[in-house]
Amino acid sequence: QVQLVESGGGLVQAGGSLRLSCAASGRTFSNTVMGWFRQAPGKEREFIATISWSGDTTYYADSVKGRFTISRDNTKNTVDLQMKKLKPEDTAVYYCAAKSGGSITANFRLYVYWGQGTQVTVSS
């Protein structure tokens, strides 16, 4: 079992930056693939970024590539999402997710553990 808690959400103006953090506890964190997803009202859950357990492989959605950066610190059991040049369309609840081993993936159905989410609101 892995428990995930997101933090760092808030209100920011368009063009600004936010850094989300996800703290994991429970079973071994270092063998997990981590991902960030988001969901806006009335929309389906959307993949944002994923990172391998070693941290050397990442993959991003086209909508955030070049603006968002995912990273992890296995010594602290955390995975972060640095978001820059935020746009109003980035407004959503952001979720951290984990899957046990395997390859990185954008498929949310393959992630077993989920946090409660943190709200990000970007004003125009």
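Counting begins at 1 with the first residue of the sequence.
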Residue list, side chain to side chain donor-acceptor pair (under 3.5 Å) with Gln82, at least two apart or on another chain: Arg19
pair Val33-Ile51: side-chain heavy atoms closer than 4.5 Å: no
For Phe47, ring-ring contact (aromatic ring centres under 6.0 Å, His included) partners two or more places apart: Phe37, Tyr59
Leu4 side, atom CG; Thr78 side, atom OG1 - distance, nearest 0.5 Å: 11.5 Å
Donor-acceptor contact below 3.5 Å, side chain Glu6 vs main chain Gln116: yes
Disulfide (SG to SG under 2.5 Å): pairs with one or both residues in residues 55-111, sequence neighbours excluded: Cys22-Cys96
Polar side chain donor-acceptor pair, Asp80 to Ser21, under 3.5 angstrom: yes
For residues 86-93, tabulate all N or O donor-acceptor pairs below 3.5 Å that involve a side-chain atom, not counting sequence neighbours.
from, atom 1, to, atom 2, distance (Å)
Asp90, OD1, Arg38, NH1, 2.8
Asp90, OD1, Arg67, NH2, 3.0
Asp90, OD2, Arg67, NH1, 2.8
Asp90, OD2, Arg67, NH2, 3.4
Asp90, OD2, Lys87, N, 2.8
Thr91, OG1, Pro88, O, 2.9
Thr91, OG1, Val122, N, 2.9
Thr91, OG1, Val122, O, 3.4

Leu11: hydrophobic cluster co-members (side-chain, 4.5 Å): none
Distance-minimising heavy-atom pair for Tyr111 and Gly35: CE2-N, 3.7 Å
Any pair counted as side-chain hydrogen bond (donor to acceptor under 3.5 Å, both in side chains), so long as it reaches residues 95-110, sequence neighbours left out: Arg27-Ser100
Rounded distance (nearest 0.5 Å) linking atom CZ of Phe108 with atom CD1 of Ile48: 13.5 Å
For Asp56, all residues meeting side chain to side chain donor-acceptor pair (under 3.5 Å), sequence neighbours excluded: Ser52, Ser54
For Lys65, all residues meeting salt bridge (charged side-chain N to carboxylate O under 4.0 Å, His left out), sequence neighbours excluded: Asp62
Over-ring placement of Arg72 relative to Trp53, 6.0 Å and 45° cut-offs: no
Leu81 CG to Thr69 OG1 distance, which is reported to the nearest 0.5 Å: 8.0 Å
Non-hydrogen atoms of Ile70 and Thr58 that approach each other most closely: CG2-CG2, 3.7 Å
Disulfide (SG to SG under 2.5 Å): pairs with one or both residues in residues 49-79, sequence neighbours excluded: none
For Ser17, side chain to side chain donor-acceptor pair (under 3.5 Å) partners two or more places apart: none
Smallest separation among heavy atoms of Ser63 and Glu46, with atom names: OG-OE2, 3.3 Å
Atom of Ala98, atom of Thr32 and distance for their closest heavy-atom approach: CB-CB, 4.5 Å
Side chain Thr50, main chain Met34, donor-acceptor under 3.5 Å: yes
Co-members of Leu110 in a cluster of I, L, V, M, F, W and Y side chains, linked at under 4.5 Å: none
Heavy-atom pair of closest approach, residues Val2 and Ala24: CG1-CB, 4.1 Å
Set of residues satisfying side chain to side chain donor-acceptor pair (under 3.5 Å) with respect to Tyr113, sequence neighbours excluded: none
